[in-house]
Enquirer: 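Next up is a structure, given as structure tokens.
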Number of protein chains: 2
Amino acid sequence: MVLASAPRRLSPGVGNSNDQTRRHNLSTVLTFLHHGGPQSRAQLTGLSALNRSTTGALVAELDELGLAYETEPADSGRVGRPSPIVHANGKVVAITVNPDIDAVTVGIVGLGGLLHHLVRRETDAVPTVGASIRIVQEILEGMRDELQAEFRVAGVGIAVPGLVNSRDGVVALAPHLGWRDEPVAEPFAAALGLRAAVANDAALATVAESIFGAGRGVQDLVYLNGSASGIGGGVLAGGVMLRGSRGYAAELGHTLVNSSGIRCHCGKRGCLETEVNLGLLLQVLGRDSAGLDEVDALIAAVPDARPEIERQLDVLALAIGTFVSVFNPESIILGGFLGSLYEADPARLRASVEAASVVGLAEPVRLERAQLRSRLLTTGAAELVFADLLADPAGTVF
Amino acid sequence: MVLASAPRRLSPGVGNSNDQTRRHNLSTVLTFLHHGGPQSRAQLTGLSALNRSTTGALVAELDELGLAYETEPADSGRVGRPSPIVHANGKVVAITVNPDIDAVTVGIVGLGGLLHHLVRRETDAVPTVGASIRIVQEILEGMRDELQAEFRVAGVGIAVPGLVNSRDGVVALAPHLGWRDEPVAEPFAAALGLRAAVANDAALATVAESIFGAGRGVQDLVYLNGSASGIGGGVLAGGVMLRGSRGYAAELGHTLVNSSGIRCHCGKRGCLETEVNLGLLLQVLGRDSAGLDEVDALIAAVPDARPEIERQLDVLALAIGTFVSVFNPESIILGGFLGSLYEADPARLRASVEAASVVGLAEPVRLERAQLRSRLLTTGAAELVFADLLADPAGTVF
DNA sequence: GATAAAAAGTTACCACACACAACATATTGC
DNA sequence: GCAATATGTTGTGTGTGGTAACTTTTTATC
């Protein structure tokens with residue numbers, strides 16, 4: 001029985017077709033465990049629509065591969081023989097890297113989503129690729145014993161704020177880091193001796209929110225993230241991330257919202273991110289910079305900021321109105337300072353979005369604040385690493 | 001009704017997994033034939049990456065099912081035993097229906113894309129669902145003998161200009177037809193005794209262009225169609241049609257292009273379709289109405305229309321600029337009068353699009369005029385019917 | 001014209017993946 | 001303790017595609 005058969009374009013030059021079926025089913029079961037948490041074998045059987053005996057064999061194989069393990073049944077309270085609980089093996093980990101203007105954050109995340117470690121290392125200057133690699137090496141060196149004794153590392157996932165071509169691992173442009181046409185995946189892989197993958201930070205945040213956050217179970221959603229460096233986003237359409245022909249899709253910050261607006265650094269006029277902007281918000285809040293939690297508090301504390309907040313909400317609504325007619329999403333998730341803006345007046349945003357949308361289309365759309373906070377990028381970057389593993393549990397060697 | 005192969009999420013309670021593999025392979029081969037035209041068995045073997053013997057068995061099964069047939073090998077001129085040519089059976093047909101303001105167009109399209117018949121029946125009033133069904137019944141009655149003797153009808157595909165929920169076959173709103181919350185698929189199916197499916201006309205046009213027209217082989221494209229009733233569109237993302245949570249995605253005509261613009265009938269302000277508009281164009285061309293080919297001729301003949309054409313092109317470019325950053329498509333295809341506009345000055349649109357896009361993103365994007373003309377909707381609607389057949393050639397009974 | 005080489009169809013056989021069914025096991029409820 | 005229920009376990013069967021040996025049909029060469 002084939003489960004969530006992703007639209008497999010014919011992959012040329014492959015092997016036996018029975019293998020393919022097996023691979024798919026292993027993938028399905030492991031994905032259930034990773035995304036859905038520990039579950040009884042009986043539950044897995046139900047979810048996968050496979051036969052009891054097949055589920056048993058699949059779980060046994062995942063166990064042998066060291067990707068899952070079984071524990072004693074929990075007290076179900078129901079009649080019948082209790083079913084053992086299957087867990088994704090959290091000792092299989094991804095190393096995550098998130099370079100920022102003034103720091104590099106490194107995480108160790110286990111299969112199943114458990115965050116083992118999170119280290120933020122401040123930097124004097126904006127980190128280069130080489131500097132980022134050195135920081136990661138230092139941190140890993142510091143926990144070498146633990147890594148070797150406890151964990152099996154599946155790879156490195158790097159979240160970069162900028163245009164990233166995930167296919168070849170090259171960052172085309174990361175303005176705030178000053179990276180341009182910079183190979184990233186390859187040098188990381190070479191330096192660390194691990195498989196490495198890079199992607200846009202907002203895209204990874206979208207993945208994270210859609211699996212572990214506000215978008216759980218939703219197939220069509222738009223995620224919008226506001227940070228000091230602008231507005232990024234990601235789109236899940238039919239359960240699949242929108243990538244575009246070169247992987248640059250969902251640059252939602254450059255949606256037109258004001259045709260008489262000022263010029264954006266991207267070269268256009270009236271982009272969402274020139275109008276809805278953390279800098280402008282902090283200005284009326286009387287601050288130069290502020291952490292995300294501070295912004296929430298400041299908004300509540302500074303009533304004079306109200307007009308600017310309302311202006312930004314109304315402009316944001318224009319962009320969301322366009323997204324509603326373009327994507328017809330089930331949910332729009334707002335992260336970063338956009339989440340703070342939303343929280344400041346949910347009703348106003350709701351009303352503005354409905355006014356800025358095709359009649360009838362916006363009403364069924366949920367507006368929500370992102371749930372994952374500090375874990376966001378780390379979780380997303382780990383997902384980048386686990387994606388391969390989940391797609392082919394038996395075939396991935398690491 | 002599923003359009004392009006939607007990523008099949010787990011379908012509970014189904015049969016054997018070997019069957020599933022077989023189904024997938026049958027589907028692959030038949031889809032090659034339908035989209036790629038007649039091909040030798042050896043070519044199919046190469047494309048499908050299956051074994052010679054397996055391809056042979058699959059083709060034999062498709063033959064038995066009456067969906068394909070083999071003919072004598074063509075003179076290849078190469079050394080070696082020649083391979084028989086496999087054809088999709090064009091006698092397996094879809095009936096297509098396209099209700100419009102003043103007419104209902106009915107087509108009979110064979111597997112492989114061959115158009116057997118196309119009948120346009122003018123109406124006195126805007127057709128209702130019932131009237132459309134009666135017209136189809138009359139036309140089919142008129143060719144009953146031929147239908148029974150020659151063809152096997154796979155189903156009816158209906159293209160409706162409006163918001164359509166393909167899943168339940170209900171038209172939520174088709175303003176120009178005056179249809180609102182109107183069940184369409186079900187009454188058609190009941191009246192004709194055939195399987196029926198409805199979808200938005202622009203979405204179907206997108207499918208048609210992506211398979212048989214300007215978008216052949218492209219995985220990421222945006223199709224924009226301009227007609228008297230406004231601007232519709234469709235998006236192919238990663239080879240899959242964008243559907244949205246309720247099937248209303250890609251209402252691209254309601255993208256914001258002018259934040260100080262006039263109110264659109266949809267309730268918003270400054271929508272693309274209020275600014276780029278066949279009515280305004282015809283006005284400067286000195287006409288009340290005109291067929292598509294006439295528009296091309298008129299644009300060339302009326303130099304005074306130039307400023308309005310350039311204005312519309314520039315506004316169109318703003319919307320395309322947003323689509324470029326949102327979808328990162330490989331190609332943007334312009335149909336209807338948008339094709340005429342484009343043809344009037346391709347260089348200007350190209351330049352405006354690059355000015356209205358994030359630096360560097362627009363350059364690799366192809367701008368093209370749609371290729372399919374009168375066949376467009378008929379081909380698309382047929383695809384709607386064939387989608388099921390292609391997804392499961394052995395399982396579809398009709 | 002005979003023969004070799006190449007390409008593809010055909011057939012018998014094999015490995016495998018999962019379903020099924022019979023049986024074994026563990027729990028609840030009476 | 002016994003029935004009912006749910007689940008794990010095991011052996012068997014069906015169906016899938018791959019493999020390899022063989023056959024067929026063509027072109028190229030002597």
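Proteins get letters first, then strands, A, B, ... in listed order; numbering begins at 1 in each. All values reported here derive from a predicted model rather than from experimental measurement.
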Enquirer: With a cut-off of less than 4.0 Å, is there a side-chain N or O of A:T21 near OP1 or OP2 of C:dC18?
Expert: no
Enquirer: If you find the nucleotide of DNA chain C closest to A:R22 and the one closest to A:D75, which residue's nucleotide is nearer the 5' end?
Expert: A:R22
Enquirer: Is a side-chain donor or acceptor of B:N328 paired with a backbone partner of A:R246 at a separation under 3.5 angstrom?
Expert: yes
Enquirer: Would you mind classifying the nucleic acid contact of B:P84 as base, sugar-phosphate or nothing, using non-hydrogen atoms under 4.0 angstrom?
Expert: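 Sugar-phosphate contact only.
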Enquirer: Determine whether a donor-acceptor pair (N or O, by modelled atom type, separation under 3.5 Å) exists between the side chain of A:D220 and the backbone of A:A237.
Expert: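 Not at all, since once roles are kept as given, no pair shorter than 3.5 Å links the two residues.
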Enquirer: In whole angstrom, give the distance that lies between atom CD of A:E70 and atom C1' of D:dG8.
Expert: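 Distance, rounded to whole Å: 10 Å.
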Enquirer: Return the nearest nucleotide to the side chain of A:N51; candidates are C:dT10, D:dT26, C:dA19.
Expert: C:dA19
Enquirer: Whole Å only: how far is the CD atom of B:Q43 from the C1' atom of C:dA7?
Expert: 14 Å
Enquirer: I want to confirm an ordering. Mapping A:V79 and A:L26 to their closest nucleotides on DNA chain C, which one lands closer to the 5' end?
Expert: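 By nearest-heavy-atom nucleotide position, the 5'-most residue is A:L26.
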Enquirer: Counting N and O atoms only, with roles assigned by atom type, does the side chain of B:Q39 sit under 3.5 Å from a partner on the main chain of B:V86, one being a donor and the other an acceptor?
Expert: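 No; zero donor-acceptor contacts below 3.5 Å.
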Enquirer: Kindly say if A:R23 contacts the phosphate of C:dC16, meaning a side-chain N or O under 4.0 Å from OP1 or OP2.
Expert: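 It does not, given that no N or O in the side chain of A:R23 lies less than 4.0 Å from OP1 or OP2 of C:dC16.
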Enquirer: Can you check the A:N18 CG to D:dG18 C1' distance for me, whole Å?
Expert: 9 Å
Enquirer: Take the protein atom CG of A:N25 and the nucleotide atom P of C:dC16, then report the distance between them rounded to whole Å.
Expert: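 These atoms are roughly 17 Å apart.
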Enquirer: Strictly distance-based, threshold 3.5 Å: is any side-chain N or O of A:S40 a donor or acceptor partner for the main-chain N or O of A:S83?
Expert: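 Such a contact is absent between A:S40 side chain and A:S83 backbone.
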Enquirer: Using a cut-off of less than 4.0 Å, is there contact between a side-chain N or O of A:R78 and OP1 or OP2 of D:dT5?
Expert: no
Enquirer: Has A:T54 got a side-chain N or O lying under 4.0 Å from the OP1 or OP2 atom of C:dA19?
Expert: yes
Enquirer: Starting at atom CZ of B:R81, determine the distance to atom P of D:dT25, rounded to an integer number of angstrom.
Expert: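 It is 6 Å, rounded to the nearest whole Å.
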Enquirer: Return yes if the base of C:dC20 and the side-chain atoms of A:S53 contain a donor-acceptor N/O pair under 3.5 Å, otherwise no.
Expert: yes
Enquirer: Tell me if a side-chain donor or acceptor on B:E209 pairs with a main-chain N or O of B:Q371 at a distance below 3.5 Å.
Expert: yes
Enquirer: Using atom CD of B:E72 as one end and atom P of C:dG9 as the other, report the distance to the nearest whole Å.
Expert: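 Roughly 13 Å, once rounded to whole Å.
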Enquirer: How many whole angstroms separate atom CG of A:L58 from atom P of C:dA17?
Expert: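 Value for this atom pair: 10 Å.
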Enquirer: Rounding to a whole Å, what distance do you find between B:L50:CG and C:dG9:P?
Expert: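 Atom CG in B:L50 sits about 13 Å away from atom P in C:dG9.
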Enquirer: Checking all strands, does B:R52 fall into the base, sugar-phosphate, or nothing category for heavy-atom contacts under 4.0 angstrom?
Expert: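 Counting heavy atoms under 4.0 Å across all strands, the contact made by B:R52 includes a base.
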